[in-house]
Participant: 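Got a structure here, written out as structure tokens. Questions coming.
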Amino acid sequence: MAGVLVLAGTPIGQAGDAPPRLAAELSGADVVAAEDTRRLKRLCADLDITLSGRVVSYFEGNEQARTPALLEALLAGDRVVLVTDAGMPSVSDPGYRLVAAAVEHDVRVTAVPGPSAVLTALAVSGLPVDRFCFEGFLPRKAGERGRRLAALATEERTMVFFEAPHRTEAALAAMAEALGDDRAAAVCRELTKTHEEVRRGPLGSLVAWAADGVRGEVTIVVEGSSGAPAVATDPGSLRAAVAELEATGSTRKEAIAEVAKRAGLPKREVYDVVHR
């Protein structure tokens with residue numbers, strides 16, 4: 001019979017946050033696939049865990065090449081436990097390829113649920129939590145990053161991002177440009193660790209704060225859009241916005257009323273611009 005793939009959550013900060021089942025799964029595994037074997041060794045020492053199974057590295061650089069061997073072990077009946085450096089495997093970490101391969105071959109996949117930087121940051125951000133989306137890491141290149149954020153300008157759900165500390169200022173600046181300086185956000189740094197810090201405020205002020213440098217693991221939470229995007233008040237922008245709404249089926253009167261609302265202008269003023 002085929003074995004079992006166990007996705008095991010690991011602490012994002014304090015070792016004491018490890019889920020109770022983690023020790024049992026690690027000590028009883030036939031194979032432990034770890035993103036960083038040195039971090040696994042430290043975690044096992046902190047939790048007084050003795051590994052009896054084989055330990056292999058499984059990280060972004062070798063994930064594709066190592067997946068077939070791990071699948072073979074699963075098909076041979078092994079219990080394979082997958083852990084990453086922190087949090088849940090597959091969430092912006094290695095794991096997806098192995099899960100997909102296991103599912104394709106009818107291998108059972110289960111999990112030891114554990115800490116998650118996504119949910120922790122969302123919970124402490126002070127922003128709406130009823131609906132949210134996880135966007136992972138933004139593209140490193142400025143152009144690609146700008147296009148990604150522009151596509152999110154009208155996203156109404158609270159958004160959660162991961163970011164490297166040395167790119168945090170640039171990411172916040174790009175968010176402020178695409179989403180607006182006044183969009184509420186929270187930068188969560190070193191969550192659950194000794195130097196945990198949560199900075200809340202409009203994106204514009206967070207850019208200024210990040211200019212002094214940011215250290216540690218960073219998760220950024222950004223408020224969703226309150227609705228349709230604002231419209232600039234120059235004549236060209238007003239005409240273009242009215243034309244865009246008309247193209248989607250609105251009448252001229254309806255389009256003028258909507259654009260006036262979004263631009264914060266009297267309907268008569270927008271009417272005059274459009275018909276000038």
Side-chain angles (χ1 to χ4, degrees), residues 2-13 15 17-19 21-23 25-45 47 49 51-121 133-141 144-145 148 160-167 171 191 216-220:
V4 180
L5 173 60
V6 182
L7 308 177
T10 55
I12 61 175
D17 291 336
R21 280 178 48 211
L22 180 61
E25 287 291 354
L26 287 174
S27 59
D30 297 302
V31 181
V32 178
E35 184 177 12
D36 187 327
T37 56
R38 293 167 299 181
R39 289 201 182 192
L40 172 64
K41 184 177 180 179
R42 288 197 297 271
L43 178 62
C44 288
L47 299 178
I49 298 171
L51 300 177
S52 59
R54 178 166 55 96
V55 177
V56 299
S57 64
Y58 191 72
F59 57 95
E60 184 179 1
N62 72 0
E63 184 177 2
Q64 186 168 354
R66 189 145 284 176
T67 293
L70 289 173
L71 176 62
E72 186 177 337
L74 287 165
L75 293 174
D78 284 349
R79 192 172 187 90
V80 177
V81 176
L82 175 62
V83 293
T84 58
D85 291 347
M88 285 299 298
S90 291
V91 182
S92 281
D93 273 329
Y96 168 74
R97 287 187 175 90
L98 184 55
V99 172
V103 170
E104 184 180 355
H105 288 81
D106 294 323
V107 174
R108 182 184 170 214
V109 180
T110 187
V112 177
S116 166
V118 176
L119 296 180
T120 303
C133 59
F134 174 55
E135 290 294 325
F137 285 92
L138 288 170
R140 297 185 182 186
K141 294 183 178 179
E144 294 177 6
R145 183 171 57 220
R148 172 78 65 81
V160 184
F161 302 85
F162 285 163
E163 194 50 86
H166 63 281
R167 291 197 298 269
L191 284 169
E217 301 289 335
V218 174
T219 305
I220 302 172

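Only a predicted model underlies this, so the values are computations on that prediction, with no experimental measurement involved. In this chain, residues are counted from 1 in sequence order.
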Participant: Are the side chain of Glu135 and the backbone of Phe161 linked by a donor-acceptor contact shorter than 3.5 Å?
Facilitator: no
Participant: Go through the structure and list residues passing side chain to side chain donor-acceptor pair (under 3.5 Å) with Thr67, not counting sequence neighbours.
Facilitator: Tyr58
Participant: Taking side chain to side chain donor-acceptor pair (under 3.5 Å) as the test, write out the residues that go with Glu163, two or more places apart.
Facilitator: Arg167
Participant: Please enumerate all residues that pass side chain to side chain contact (heavy atoms under 4.5 Å, CB included) together with His105, with sequence neighbours excluded.
Facilitator: Leu71, Leu75, Val107
Participant: Under the 3.5 angstrom rule, does the side chain of Ser27 hit a backbone N or O of Ile49 as a donor-acceptor pair?
Facilitator: no
Participant: Among residues at least two apart in sequence or on other chains, which ones pass side chain to side chain donor-acceptor pair (under 3.5 Å) with Arg66?
Facilitator: Ser57
Participant: Could I get the full list of ring pair (Phe, Tyr, Trp, His ring centres under 6.0 Å) partners for Tyr96, not counting sequence neighbours?
Facilitator: none
Participant: Taking side chain to side chain donor-acceptor pair (under 3.5 Å) as the definition, give me every residue that meets it alongside Glu63, ordered by chain and number, with sequence neighbours left out.
Facilitator: Arg97
Participant: Mark yes when over 12 heavy atoms from residues, nucleotides or ligands other than Glu217 sit less than 6.0 Å from its CD; otherwise mark no.
Facilitator: no
Participant: Check salt bridge (Lys or Arg N to Asp or Glu O under 4.0 Å) between Asp17 and all other residues, then give those that pass, not counting sequence neighbours.
Facilitator: none
Participant: When you compare the side chain of Ile12 with that of Thr120, does any pair of heavy atoms fall below 4.5 Å?
Facilitator: yes
Participant: My understanding is that only residues two or more places apart in sequence, or in another chain, count here; which of them pass ring pair (Phe, Tyr, Trp, His ring centres under 6.0 Å) with Phe59?
Facilitator: none
Participant: Please list, chain by chain and in numerical order, all residues satisfying salt bridge (Lys or Arg N to Asp or Glu O under 4.0 Å) with Arg21, sequence neighbours excluded.
Facilitator: Glu25
Participant: Taking only residues two or more places apart in sequence or in another chain, which ones pass side chain to side chain contact (heavy atoms under 4.5 Å, CB included) with Val4?
Facilitator: Val6, Arg79, Arg108, Thr110
Participant: Determine whether Val99 and Leu5 make a side-chain contact, defined as any pair of heavy atoms from C-beta on separated by less than 4.5 Å.
Facilitator: yes
Participant: With sequence neighbours excluded, what pairs up with Ala29 under the side chain to side chain contact (heavy atoms under 4.5 Å, CB included) test?
Facilitator: Val32, Val81
Participant: I'd like to know if the side chain of Asp36 reaches the main chain of Arg38, judged simply by a donor and an acceptor atom lying under 3.5 Å from each other, with no hydrogens or angles considered.
Facilitator: yes
Participant: Run the ring-ring contact (aromatic ring centres under 6.0 Å, His included) test on Phe134 and Phe162 for me, step by step, so that the C-alpha distance in whole Å, both residues' side-chain angles and the decisive distance to 0.1 Å come before the verdict.
Facilitator: CA-CA 9 Å; Phe134 174 55; Phe162 285 163; 5.0 Å; yes
Participant: Restricting to side chain to side chain contact (heavy atoms under 4.5 Å, CB included), what partner residues turn up for Ala15, sequence neighbours left out?
Facilitator: Asp46, Leu47
